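Single-structure report; data block below.
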Amino acid sequence: MAKEPVRVLVTGAAGQIGYALVPMIARGVILGADQPVILHLLDIPPAAEALNGVKMELVDAAFPLLKGVVATTDVVEACTGVNIAVMVGGFPRKEGMERKDVMSKNVSIYKSQASALEKHAAANCKVLVVANPANTNALILKEFAPSIPEKNITCLTRLDHNRALGQVSERLNVQVSDVKNVIIWGNHSSTQYPDVNHATVKTPSGEKAVRELVADDAWLTGEFITTVQQRGAAIIKARKLSSALSAASSACDHIRDWVLGTPEGTWVSMGVYSDGSYNVPSGLIYSFPVTCQNGEWKIVQGLSIDEFSRKKLDATADELSEEKALAYSCLS
Ligand SMILES: NC(=O)C1=CN([C@@H]2O[C@H](COP(=O)(O)OP(=O)(O)OC[C@H]3O[C@@H](n4cnc5c(N)ncnc54)[C@H](O)[C@@H]3O)[C@@H](O)[C@H]2O)C=CC1
Ligand SMILES: O=C([O-])CC(=O)C(=O)O
């Protein structure tokens, strides 16, 4: 019997990530090739005409799994009955800015959309915040939507995770699909800590530690980390626009793994509400290594954290605490 369609909200759908993301969702990339979807697309009135153009293109593409498109500038209509919400709407940073520089504009959007989601989304709606500052926007959404379970509110650090996999695969000249279990700790910002201490590569003679194969600690603790931390800025410098196709693809990876599960023995990075694991203060949305099963994520426990890593985990937590205070000052 055919499955009931799942309603997926994309906010900021007339923007550049939205334009890359909606065809991926309509093709079944996030929920599987047998799962029909209805897309809910939200943008603001100045973008209404462009949003309608996106809707027209979705119709023109004749996606077999796409059972309907609700394109609207009305936040209540957009949020009504949605099972998954991908929150991309907001303002991107420009060259020379840090992601927290878009804070005052974006956190107020997340405060108001929190209430709409809380009141009108389907029970158990899963939320992924993409717009920057992603962790802090997600935290504001959580705080202003107290009846949505905190486990259902996450932010995107999978792009950073995928960037780390990409850097290791280029360095070792191996397939990116053979590299796994890197970790992004903390904030989706330049203080994030990309950690390869537990990462492995599949080789003809079994799984090997990335650290052993790279055999260059100076690169792993230096250039590798800064390249991943600064990759967003490097894309802005090159494209004069922030990353879009990689952000859209990583958002699909995030939702797919959350809903359909991570492969046995593999973890991914997700920004989730801290429960104090690894001595990260609770009350922050922080990126951890997680595994997913039956639609629920779980923080991977018991990984060893050396002194170098400890300092990095703490520094990015400190920045998130500062951002949280700044966000509240913008809202007051
Ligand atoms: N977490 C991550 O890994 C990444 C996050 N981003 C962030 O994603 C966000 C979107 O980036 P782009 O698509 O490149 O920007 P964009 O400017 O092309 O699109 C954003 C869209 O959001 C819309 N928008 C603004 N306020 C809104 C509101 N209140 N409700 C609904 N829609 C609203 C705009 O009209 C625009 O169409 C930015 O904040 C960017 O910094 C970008 C790349 C990666
Ligand atoms: O850097 C930016 O502003 C956009 C972004 O979040 C990324 O590419 O990681």
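The figures that follow rest on heavy atoms only: side chains count, while hydrogens, waters and symmetry mates do not. Residue numbers run from 1 in the order of the sequence given. Just so you know, ligand 1 is whichever comes first in the structure, and atom 1 is the first atom listed for that ligand. Please read all numbers here as calculations on a predicted model, not as lab measurements.
- Contact annotation: for Gln230 versus ligand 2, there are no heavy atoms closer than 4.0 Å.
- The pair Arg310-Asp306 does not meet the salt-bridge criterion, since no charged nitrogen lies less than 4.0 angstrom from a carboxylate oxygen.
- Seen from the ring of Trp258, Lys126 counts as a face-on cation partner, given the 6.0 Å and 45° thresholds.
- Proximity of Ser242 to ligand 1, defined as any heavy-atom pair under 4.0 Å, is confined to the side chain (atoms from C-beta onward).
- The option with the heavy atom closest to atom 25 (C) of ligand 1, from among Gly90, Ser108, Ala131, is Gly90.
- Residue-ligand proximity: Gln229 is placed with every non-hydrogen atom at 4.0 Å or more from ligand 2.
- Through side-chain heavy atoms spaced under 4.5 Å, either directly or across other Ile, Leu, Val, Met, Phe, Trp or Tyr residues, Leu139 is tied to Tyr273, Ile285.
- Annotation for ligand 1: atoms under 4.0 Å from non-hydrogen atoms of Ala247 are 43 (C), 44 (C).
- Asn187 meets the side-chain hydrogen bond (donor to acceptor under 3.5 Å, both in side chains) test with Ser189, Glu319, Glu323; sequence neighbours excluded.
- Checked against a 3.5 angstrom limit, the closest N/O atoms of Asp43 and ligand 1 fall inside it.
- Taking the side chain as every heavy atom from C-beta outward, His198 and Ser304 approach each other to under 4.5 Å.
- Remark: ligand 2 atoms within the under-4.0 Å shell around heavy atoms of Gly232 are 1 (O), 7 (C), 8 (O).
- What sits closest to atom 26 (N) of ligand 1 on the protein, heavy atoms only, is Ile109 CD1, 3.6 Å.
- In summary, the atoms of ligand 2 found under 4.0 Å from a heavy atom of Ser242, numbered by their order in the structure, are 4 (C).
- Look at Asp216 and Arg171 and you find a salt bridge, because one of the NZ, NE, NH1 or NH2 atoms lies within 4.0 Å of a carboxylate O, short of that distance.
- Residue contacts with ligand 1, taken as heavy atom pairs separated by less than 4.0 Å, involve Gln16 via backbone and side-chain atoms alike.
- A salt bridge links Asp257 with Arg158: at least one charged nitrogen is closer than 4.0 Å to a carboxylate oxygen.
- In this structure, the side chains of Arg211 and Asp217 come closer than 4.5 Å at one or more pairs of heavy atoms.
- With a 4.0 Å cut-off on non-hydrogen atoms, Arg231 does not touch ligand 2 at all.
- At a heavy-atom cutoff of 4.0 Å, ligand 1 is contacted by both the backbone and the side chain of Pro92.
- The closest approach between Ala244 and ligand 1 stays at or above 4.0 Å for every heavy atom of the residue.
- For atom 2 (C) of ligand 1, the closest non-hydrogen atom of the protein is His188 NE2, 3.2 Å.
- In terms of protein heavy atoms, atom 9 (C) of ligand 1 is closest to Val88 O, 3.4 Å.
- Within a 6.0 Å radius of CE in Met97, other residues, nucleotides and ligands contribute more than 12 heavy atoms.
- Ile44 CG2, 3.5 Å is the protein heavy atom nearest to atom 27 (C) of ligand 1.
- Looking from atom 19 (O) of ligand 1 to the surrounding protein, the closest heavy atom is Gly15 CA, 3.2 Å.
- For His161 (side chain) and Ser269 (main-chain N/O), a donor-acceptor pair under 3.5 Å exists by modelled atom type.
- Annotation: cation-pi pair Lys180/Trp267 absent, no NZ/CZ under 6.0 Å from the ring centroid and within 45° of its normal.
- Considering backbone and side-chain N/O atoms, Asn132 comes within less than 3.5 Å of an N/O atom of ligand 1.
- The distance from ligand 2 to the heavy atoms of Ser243 drops below 4.0 Å at these ligand atoms: 7 (C), 8 (O).
- Of the N or O atoms in Leu159, none lie within a sub-3.5 Å distance of an N or O in ligand 1.
- Note: no N/O pair closer than 3.5 Å links Asp160 and ligand 1 by distance alone.
- Shortest contact from atom 13 (O) of ligand 1 to any protein heavy atom: Ile17 N, 2.9 Å.
- At under 3.5 Å, not a single nitrogen or oxygen of Ala14, backbone or side chain, sits near a nitrogen or oxygen of ligand 1.
- Short contacts between ligand 2 and Arg93, defined as distances under 4.0 Å to a heavy atom of the residue, involve ligand atoms 1 (O), 2 (C), 3 (O).
- Contacts between Val130 and ligand 1 below 4.0 angstrom, taking non-hydrogen atoms only, involve backbone and side chain alike.
- Those atoms of ligand 1 that come under 4.0 Å of a heavy atom in Ser243, given as number and element, are 43 (C).
- Protein heavy atom in closest approach to atom 32 (N) of ligand 1: Gly12 N, 3.5 Å.
- The backbone N or O of Arg7 sits less than 3.5 Å from a side-chain atom of Asn83, completing a donor-acceptor pair.
- The shortest separation from a heavy atom of Gln113 to ligand 1 is under 4.0 Å, placing the residue in contact.
- Between Val179 and Val174 there is a side-chain heavy-atom pair separated by less than 4.5 Å.
- Counting protein heavy atoms only, atom 6 (O) of ligand 2 is closest to His188 NE2, 2.6 Å.
- Residue Arg163 forms a side-chain hydrogen bond (donor to acceptor under 3.5 Å, both in side chains) with just one option from Ser243, Ser250, Ser246, and that option is Ser243.
- Within the listing of ligand 2, atoms 3 (O), 4 (C), 5 (C), 6 (O) sit less than 4.0 angstrom from a heavy atom of Asn132.
- Here the two rings, on Phe288 and Trp297, have centers that are 6.0 Å apart or farther.
- Counting heavy atoms from C-beta on, the side chains of Lys3 and Pro36 come closer than 4.5 Å.
- Ring geometry, Tyr328 versus Phe144: the interplanar angle falls from 30° to 60°, so the pair is classed tilted.
- With a 4.5 Å cut-off on side-chain heavy atoms, Asn52 and Met56 count as touching.
- At a heavy-atom distance under 4.0 Å, only side-chain atoms of Ile236, from C-beta outward, approach ligand 2.
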